[in-house]
Structures are given as C-alpha cells and as structure tokens.
Amino acid sequence: MVNQNPEQIARDNIDRQLIACGWLVQPKSKINLSAGIGVAVREYSTDVGPADYVLFVDGKPVGIIEAKREEEGHKLTIHEEQAEDYATAKLKYLNHQKLPFVYLSTGKVTTFTDFRDPKPRGRTIFTFHRPETLRAWLKKTKSVRAALHDLNNLPQEGLRECQINAITNLEKSFKQNKPRALIQMATGSGKTFTAITSVYRLLKLKDNNNNNVVRRILFLVDTKNLGEQAEQEFMSYLPNDDNRKFTELYGVHRLKSKHIPDDNHVYISTIQRLYAVLKGQDLEESAEEENPNEKWQPKEVPPVEYNEKLPIEFFDFIVIDECHRSIYNLWMQVLDYFDAFQVGLTATPDSRTIAYFKQNLVSEYSHEMAVADGVNVGYDVYLIDTKITQQGATLWKGAYIETREKLTRKKRLELLDEDETYTAQQLDNDIVNPNQIRLIIRTFKEHLPAMFPDRYDKDGNFEVPKTLIFAKTDSHADDIIQIVREEFNEGNRFCKKITYKTNEDPKSVLAQFRNDYYPRIAVTVDMIATGTDVKPLECLLFMRDVKSRNYFEQMKGRGTRVINFDDLKKVSPCAKITKDHFVIVDAIGVTKSLKTDSRPLEKKPGVSLKDLLGAVAVGARDEDLFTSLANRLTRLDKQMTGKEKNQFEEKSGGIPLSKLVKGLLNAYNPDTMEAIEEKVREEKRGEAPMAIEAEINRQLEQLRNNAAKVFTGELNQYIENVRKAHEQKIDLLNPDELVNAGWNKDNKDKANETVSAFKDWIESHKDEIVALQIFYGQPYQRRELTFAMIKSLIEKILLHKPTLAPLSVWRAYEQLEKVEGQPKNEMVALVALIRKVAGIDKVLTPYHKTVDKNFADWVWKKQQGAGIKFTKEQMDWLYMLKEQIANSIHIEPDDLDYTPFDAKGGRGKMWQLFGNEMETIINELNEALAA
C-alpha cells in the first residue's frame, strides 16, 4: 500500500531521481553494498539518529541526503546544520571521517554542499550527481573550488590590458565561489581569445597528485556560424607558455548530433542543440542557423529532462557567448540543468543580462574605451534621406501595376480598381519601389569619394571600400544586389549575397569577402549581422531598421575591427593609410529610431510562420505554439494549388497538410488527453501514483512529438517558400526624391572634441618635446626638424592618446572647415596639423603641398635676374631633394647614399652637379621648404 503523506511523496521523488542518476536505493534491512558502484541506503543508523539516506560508493560511505517534504523547499537553509550533523555523525558499525557530500532535497528542490571546498556553501542543483562522479572526485586531492585558489601568475605576453583585467577578475570571482560571472568587452577587443585563455588555464589545474581537476568545459553559442568560428579559434590558439596549439593539448569537439563523446575537454554547442539532447530529440542543422531567442517563445516552457548520458556534472564550467540573447525563457533551463560555473561573454549587456549574472560584472570594457585604447576603431555617420523612405507613396486607381511572386519572381500586370497608399514600413515587403532602392544606391555611389577621399588609384579610378549592406529580407537583398551591380557598372563578383539561403556556399563567399579583392560589396539579412569577423570592412550601409538596441550595437560591431595596414592593402590596395575608422551610411533612419532592450516575442498574431516552424523544429511543444501553427497552416492549405499540395505530400512522407493540422490540434485536445489518462490508469491500476503520472506524461509527450516530428528542415523550407510565393506589388510609377545626403551633425560635435583635445595636447607638451619647441620657435629653426623627431612624436601620441592619431585629427578638421587635399602619410599629416595649431598655416594643408609651393618660390628667387640658372639635370636632382623633404621632413648629406639618390650616382653625382654649393643648397632647402 502506497503511503501518500508529504514526507513519503518526497522520498518517492528522491528515489526516482536517485535511480535515474545511477544509484541503487536499498532499505537498511536489505543492504548489499556490492550490488553496484553507488548505493543509497534509507534510514541508516548513526549516533545522532537515523539518516534519511547514506550514500555509499564502492562500499564506502561518502555522503548523506536529508529529505524534507515539498513544503519545506523555500526554507531548506534552516536544515543545513541538521544535514551536516548527520555527515559528521558516526555511522553504525563503521569507522570513518566526516562525509564530504551533503544533499538536502524535497524531491523537487535539491541543494548540495561539498565539504572539501575551502568555504563549503550549498548550491541548488537540478538533481543528484552520479556515483561514478563522486568516485572520480574522491580520487583527487582537491575539489574544483579548492583548486581554483591555485590560479595565479597569469603570463601577460600577447594579452591586452583589457584581457588581463578580465581574466584576473574572473579568476578572483572563481576563488570567491561566485557561480556566475559576466565579461563585457567591446566587439573586436578579443572576448573569445580571452575566454580561451581562461579555459586553457582552468584545464591546466592539477591536484597534489598531478591529476587534472577540471574535466570538461562547454562553450555555448546560439548559432551554428558562431560555433564554427569558436572552433576555428580554439584550433588556432597558441598558449603563451607552450609551443603546442590548444588542440594538440586538449580535445575540442563541436556537437553536430545528439551523440556526445565523453573523452574531450572542450565542447562547442548551440543552446538549441543541447535543449534537444535534454529533450531526447533530434535536431537538424538548419535549426541552428539563426538566433533562437529572437524567434517565437512559448508561454509555458516545456521542461528539460534528466539525461544519463549528459548528467548535470558533465561540465565544470560553461562559457556562454553572446549571452545577452541566449539565457532567457525556453533556453535558461539548459543552463540551470548543469552544475557548473557560468561565464557570460557579451559586448552589449542589458539590465536583464546583468541581473541574470547576479550583478557580478567582472570586466567592463566599452566600445568607447576600446577606441580610446586603439583596440577598436570609431565611426562616423553619413545620412541618406529620401522622400519615399520617409513617407511611402500612393498607387493610383486605373494604373496597371506590376506584381511579382516573391519566390519565383514571376511577374504579371494588374489593373488597380482603387487607390492604394503604402507606408514606409511596407516597403520591400508588400511593396517594392525600385526607384527608391536605386536612388539610395546611386546617392551612396556618388558620395563614397567624400567619405573615403583617399581611395583613388594612380589612374584616378575610385576603389570602393569593403561595404556590407543590411537588407530587410532575402527578396530585398536580391533587389539591392541587382541595382548595385547596375549602378556601379560591375559584374556578378562585385556584389554578392551572404545569407544561409544563397546558392553559393555562404562560408566560401564570406571567406572571399574577408580575404579577396572581390566582392567589394556584400548584402546580408542576418548571417553576418553579429559575431562574424571581417576586419577589412570599412562601410556599413543600413537599408533596414533595427529596434533592438543590443542587435544594433552588434551590427555596428562588424565595422569596429582593427586591421594592420599591410593586411588592409591585400584586399583594398588603394588604401593610403591604415583603417582608423569606419562609416555607417544610414539610409533608413536606423541611427535615429527609438531603440529598446531586446525582448523575446510573446504569442500574438504577428509572429511569423517561419518562427513558429522554427520553434517546433528545435523542440518547443507549447499548446499556444501548436494552436498558432495549426491556424496558420489551415489558412495556407486553402491558398495552395493542387500541384503545391502534391509536392507537399512528397516531402511530408505522404501525409496531407490537413492531416498534420489535425495532429497538432489533437495533441492538446482535452478528449484525447482524457482518453490517454483513463487508459493508463486502467493499465497501471494499483501502481504508485508517481509511476502512473510519469507514464501519462510520457504518452502525452509522445503524442506531441509525433505531431511535430514531420516539421523538419526540408519540409519547413518548402512551407515557407509556398507562403512566400504570394505576390508583392512593384511600384514603377513613383520616382523618389533625395531629401538629404551628408554627414550627421553629431559627427561635427565629435570632430570638435577631437580637434580641441589635439590642440590641448600640443599646447600642454610644446615646452617639453623638442619637435614642438621647433615649431613654436623661430622660422629658421624648422630646418632642424628631423624624421626621427616626428616619428618619436607620433609614437608618443599613439601610446598616450590613440584617439588623437594624426589621420583621425585630420578627418575631424575635414568635418569642420576647408582642408586643402589629403596627406600622403601619417608623418606629413602630423607636421601639417602642428603647423595649423601653431598658427604657421591658416588653412590645413597637406605638408607635401606646402613643400611644393615653398620649393617653387625658392627656385624662382634663386633664378631671378642674374642669379643661378639651373640646368635640367640639376633641376631633376632638386626635385628629388624636394620629394625627400616632403615625405621625410628633412634631408641630410648622408641620405644621398640611399634610395632614390644612389641610383642616380649618389653624393658624388650631386657634388659634380653643384660643387661647393651642395651642402648650402641642402641647408637652404631644409629651411625654405619648412617655412
């Protein structure tokens, strides 16, 4: 007879969990400690009374479980002392030390304390640890939390200061036994490298017998793309204290199926794959292509279940990449399942993220700080506003309008029987206006030289910097690509689409965009909006709005990456200077629109069919989801042609769409559910209530899985394509008008700050730096200025004030006033800037132009009247001297022994041409050209 009092119900639940975790549960009257690795003995006698459960591993006592009824779950801490008393007590017949592992459990809530830890502290866990795990722990002389105190002496070679701070503070958090820690580091500052360095240090931890303490670490992402990138970074990581790569030292495995090998050290997985594993479901790779948290979320969260092949202690640490978007609702329980430290990585935390990580922000390194340190580059905003982008337009009654199927792009003409006004929000979804797209692209092309004035080759041809265009949909992306190729008069390779739905391998196109000259322009919807590294990228063109603040910051982050000059020239050979900024071209108002913290979607009619199908594919089984999907498919069934229905059945295994709809609705039909419950209760009459309930739940879950299992990648894609086959109107009647194109006024505010800061820095250092003393001294002193002096000054500025790099200051001046041309390099830019600040030049002029003018004046004066008349060969040499001063500030007689002079005869040849006047001429040019 089953005892139904609360204490017994709790023990029934505890027994069930122990058995699932590999323990044999025995009453004290039937003890057989050799029956298995782990035995849990109920009501074992101690010198302070019977313990609810004593845990034995390999026949030896290792821990206790203090059981409490479910109503005690909210106040388990008051029973901790009682539980510890049992762990300290003497067990009958045995002579042993204090038992290290102590559990408090109601069968619904379980806490665990490891008394081997430096400061033992209880923590809530999903269920019990397996006996094999406790055996492995006891073979080591230190627990993980004890070994963490051995983390010290971080080798700093190859690490940035922000990375050193993040790792140091993270390890301090570990030592304080804080279960969650958040690392906020700006995009491009090396979050993943920082995480891998920390992972490497954790895996190196040893106990007193030289055993590894940390067994496995999970690197969790939310898209397949991020997982592949992380895998590549682990493969290429070279520790600074070992000449072997990470993957030569430790096993790295990226999960691609529900099979999880146990012999690796680092596991990389999407959160949706782990969820499927814990639900016992398969998952197609297509379900990992997009961030699941931006999609449909159920009202009631289907719980994950214990998986003996993936026990709660499988991972010791979990690193959560882009954690600001993958830790909520459906997905949070994946993290709660594991008994592991959690480390979040993000560039853009919001208040929810910080709250989830218990306010434990161990690193705070913003984009602004990264720009100030030269780790990232900043950006300027260029605005393109058009009338239709802002206001929409009207299609008039009586006009023939072209309509186009979204998927096949098949066209037909339709006569409008009434006026139809469309809004800006309908553009590129219901209505496409090619004139609007063309005007934006044409304006972008015409104004690119103003944004990147140095990108001309020697023949005067403009080179388009690497540009990424954000489109609204795949159909919109196709329209943009066609018009870009036409407006730039280029072929297919010039502009390509990078999305998961392109015919070309998206990874191959992405690699081309990153490493090759072509494509110059890429168009994407989501694939490289976040988390993808394209260092040569210098321009972002937004043709879609974004309401999520975090998502917008992530999209901007694609342009912030720094790249050295040589690597930039490999893909953009016309670049004259290193990448010191990028440009956001805002053609949709994205920089002005109201942004909010991203929120997962709730159930509402506006949730897309694609999102509903995607939710089913990753294992969501919510009633609202099934109902919404069934209603949407019912509408689609009415719209489908006979041919489309036949094609559907070919892909669904012969099941008509209407039958699938019935299956979805039947999964939560009260009559069906009641029939299953009655059938199970009849079949299991007399069995324990818990067993009956478990079987009812199992059969209901099987019913829902059967209803959902057909909705996988290929069929979902077909359903989505059928829906897309319906038409959109093409507005060829309304021409668009350019309202505004120019730099955002906020750029001028930033430019003013930069110029003022530069002036202040020069003024404050003019008395201590020799090069500046020369500029502020008498004009003749400028002949003493040398290449080494200017180079030293640049190095000093870049070290202490990287945001005041000469070319950045030059760009700031361009925003504020007339500037005469572009400098040839950073050194001559600095000379021109100092001349401007010191009052030598009224207009900022590239130094080589100043040198050219002063040279012309000097030659003219020398040849006036009865003066010297230079021969052609002498003039050729004087031009070479002038170019040397223009590029290197100063010339010495010793320079004549090097390029370009040595090829023309060097010092000896100049002596032949100028005789005793040689050094006089060199001195005069140094002084006159610097005037």
**Message:** Please evaluate residues N706 and Q702 with respect to the criterion side-chain hydrogen bond (donor to acceptor under 3.5 Å, both in side chains), reporting the C-alpha separation (whole Å), side-chain torsions for both, the decisive distance (0.1 Å), and the verdict.
**Reply:** CA-CA 6 Å; N706 288 339; Q702 184 177 17; 5.2 Å; no

**Prompt:** Would you call the rings of F56 and Y44 parallel, tilted or perpendicular if under 30° counts as parallel and over 60° as perpendicular?
**Reply:** tilted

Enumerate, atom names and distances included, each donor-acceptor pair closer than 3.5 Å involving a side-chain atom of residues 251-264, sequence neighbours excluded.
unit_1: R254; atom_1: NE; unit_2: E231; atom_2: OE1; d: 2.9
unit_1: S257; atom_1: OG; unit_2: H259; atom_2: N; d: 3.2

**Message:** Looking at E683 and R685, is there a salt bridge between them, counting it only when a charged N and a carboxylate O are closer than 4.0 Å?
**Reply:** no

**Message:** Taking the basic N atoms (NZ, or NE/NH1/NH2) and the acidic carboxylate oxygens, is any pair closer than 4.0 Å for K679 and E682?
**Reply:** no

**Asked** Just by modelled atom types, is the L220 backbone N or O under 3.5 Å from a matching donor or acceptor in the D321 side chain?
**Response** no

**Message:** Are there over 12 heavy-atom neighbours, none belonging to E71, within less than 6.0 Å of that residue's CD?
**Reply:** yes

**Asked** Under 3.5 Å, side chain of E43 to main-chain N/O of P27, donor-acceptor pair present?
**Response** no

**Prompt:** Is there a side-chain hydrogen bond (donor to acceptor under 3.5 Å, both in side chains) between D117 and S143 once you walk through the steps?
**Reply:** CA-CA 6 Å; D117 292 344; S143 69; 2.6 Å; yes

**Message:** Please evaluate residues E66 and H79 with respect to the criterion side-chain hydrogen bond (donor to acceptor under 3.5 Å, both in side chains), reporting the C-alpha separation (whole Å), side-chain torsions for both, the decisive distance (0.1 Å), and the verdict.
**Reply:** CA-CA 8 Å; E66 175 64 19; H79 302 293; over 6 Å; no

**Request:** On the 0 to 90° scale, with breaks at 30° and 60°, tag the H129-Y103 ring pair as parallel, tilted or perpendicular.
**Result:** tilted

**Asked** Quick one: do E649 and K645 make a salt bridge, cutoff under 4.0 Å?
**Response** no

**Partner of Y267 under ring-ring contact (aromatic ring centres under 6.0 Å, His included), chosen from F314, F338, Y250** = F314

**Message:** Can a donor-acceptor pair be found, under 3.5 Å and without considering hydrogens, that links the side chain of D114 to the backbone of F101?
**Reply:** no

**Asked** Do the side-chain N and O atoms of Q281 and N705 include a donor-acceptor pair separated by under 3.5 angstrom?
**Response** yes

**Message:** If I compare all heavy atoms of A89 with all of H96, which pair ends up nearest, and what's the gap?
**Reply:** O-CE1, 3.2 Å

**Complete:** Shortest non-hydrogen pair, E284 vs T712, comes out as OE2-CB, 3.0 Å

**Request:** With the side chain counted from C-beta on, respond yes when T627 and D622 share a heavy-atom pair under 4.5 Å apart, and no when they do not.
**Result:** no

**Asked** If you measure from the Lys or Arg side-chain nitrogens to the Asp or Glu carboxylate oxygens, is any gap between K60 and D58 under 4.0 Å?
**Response** no

**Request:** Consider only side-chain N and O atoms of Y356 and Q342, and report whether a donor and an acceptor are under 3.5 Å apart.
**Result:** yes

**Item:** Heavy-atom side-chain contact between I318 and V343 under 4.5 Å
**Value:** no

**Message:** Under a plain distance cut-off of 3.5 Å, with no hydrogens placed, do E288 and T270 share a side-chain donor-acceptor pair?
**Reply:** yes

**Prompt:** Can you name the closest pair of heavy atoms from V213 and V144 and give their distance?
**Reply:** CG1-CA, 3.6 Å

**Message:** Regarding R130 and D339, does a basic nitrogen lie under 4.0 Å from an acidic carboxylate oxygen?
**Reply:** no

**Prompt:** How would you list, by chain and number, every residue that makes a ring pair (Phe, Tyr, Trp, His ring centres under 6.0 Å) with Y668, sequence neighbours excluded?
**Reply:** F626

**Message:** So which atom in L715 and which in V710 form the shortest heavy-atom distance, rounded to 0.1 Å?
**Reply:** CD2-O, 3.4 Å

**Message:** So does V616 get a backbone contact from the side chain of R621, meaning a donor-acceptor N/O pair under 3.5 Å?
**Reply:** yes

**Prompt:** Quick one: do E84 and K98 make a salt bridge, cutoff under 4.0 Å?
**Reply:** yes

**Request:** Determine whether the side chains of N360 and R180 contain a donor N or O and an acceptor N or O closer than 3.5 Å.
**Result:** no

**Request:** Begin from the C-alpha positions of E313 and T133 and carry the test side-chain hydrogen bond (donor to acceptor under 3.5 Å, both in side chains) through to its verdict.
**Result:** CA-CA 8 Å; E313 65 272 22; T133 302; 2.5 Å; yes

**Item:** Beyond-backbone contact of H265 with I217, side-chain heavy atoms, under 4.5 angstrom
**Value:** no

**Message:** Could you check whether any side-chain heavy atom of L138 comes within less than 4.5 Å of a side-chain heavy atom of P100, counting everything from C-beta outward?
**Reply:** yes

**Asked** Distance only, no hydrogens: is a donor on one side chain within 3.5 Å (strictly under) of an acceptor on the other, for N666 and T672?
**Response** yes

**Fill in**
Minimal heavy-atom distance between V102 and A83, with the atoms involved, is CG1-CB, 3.6 Å

**Request:** Please test R698 against E693 for salt bridge (charged side-chain N to carboxylate O under 4.0 Å, His left out), starting from the C-alpha separation and ending with a verdict.
**Result:** CA-CA 9 Å; R698 188 193 69 77; E693 289 299 324; over 6 Å; no

**Message:** So does V54 get a backbone contact from the side chain of R42, meaning a donor-acceptor N/O pair under 3.5 Å?
**Reply:** no

**Test ring-ring contact (aromatic ring centres under 6.0 Å, His included) applied to F126 and Y306, step by step** = CA-CA 8 Å; F126 184 83; Y306 182 74; 7.3 Å; no

**Check ion pair D52-R11 (N to O, under 4.0 angstrom)** = yes

**E701/K279 salt bridge by N-O under 4.0 Å criterion** = yes

**Request:** Measure from the side-chain N and O atoms of R215 to the backbone N and O of F315, and report whether any donor-acceptor pair falls under 3.5 Å.
**Result:** no

**Item:** Reported CG-to-CG distance for the pair L613 and L625, which is rounded to 0.5 angstrom
**Value:** 9.0 Å

**Item:** Donor-acceptor under 3.5 Å (N212 side chain, V214 main chain)
**Value:** no

**Asked** How about L218 and V319: do any of their side-chain heavy atoms sit closer than 4.5 Å?
**Response** no

**Request:** Count the heavy atoms belonging to other residues, nucleotides or ligands that lie under 6.0 Å from NZ of K709, then report whether that count exceeds 12.
**Result:** no

**Message:** Distance check, rounded to the nearest 0.5 Å: D12 atom CG versus E7 atom CD?
**Reply:** 11.5 Å

**Request:** Answer yes when E714 and K651 have at least one side-chain N-carboxylate O distance shorter than 4.0 Å, and no when they do not.
**Result:** yes

**Prompt:** What's the spacing between D316 CG and L202 CG if we round to 0.5 Å?
**Reply:** 9.0 Å

**Message:** Could you measure the distance from the CG atom of L18 to the CG atom of L24? Nearest 0.5 Å is fine.
**Reply:** 10.0 Å

**Check: M673 and E677 side chains under 4.5 Å, non-hydrogen atoms** = no

Using atom types as modelled, flag every donor-acceptor pair under 3.5 Å from a side chain in residues 657-664 to any protein atom, sequence neighbours excluded.
none

**Item:** Minimum-distance pair of heavy atoms, taken over all atoms of T110 and Q17
**Value:** OG1-OE1, 4.3 Å

**Asked** Are any of the side-chain heavy atoms of I9 and N5 separated by less than 4.5 Å?
**Response** no

**Item:** Side-chain heavy-atom pair V41, Y53 within 4.5 angstrom cut-off
**Value:** no

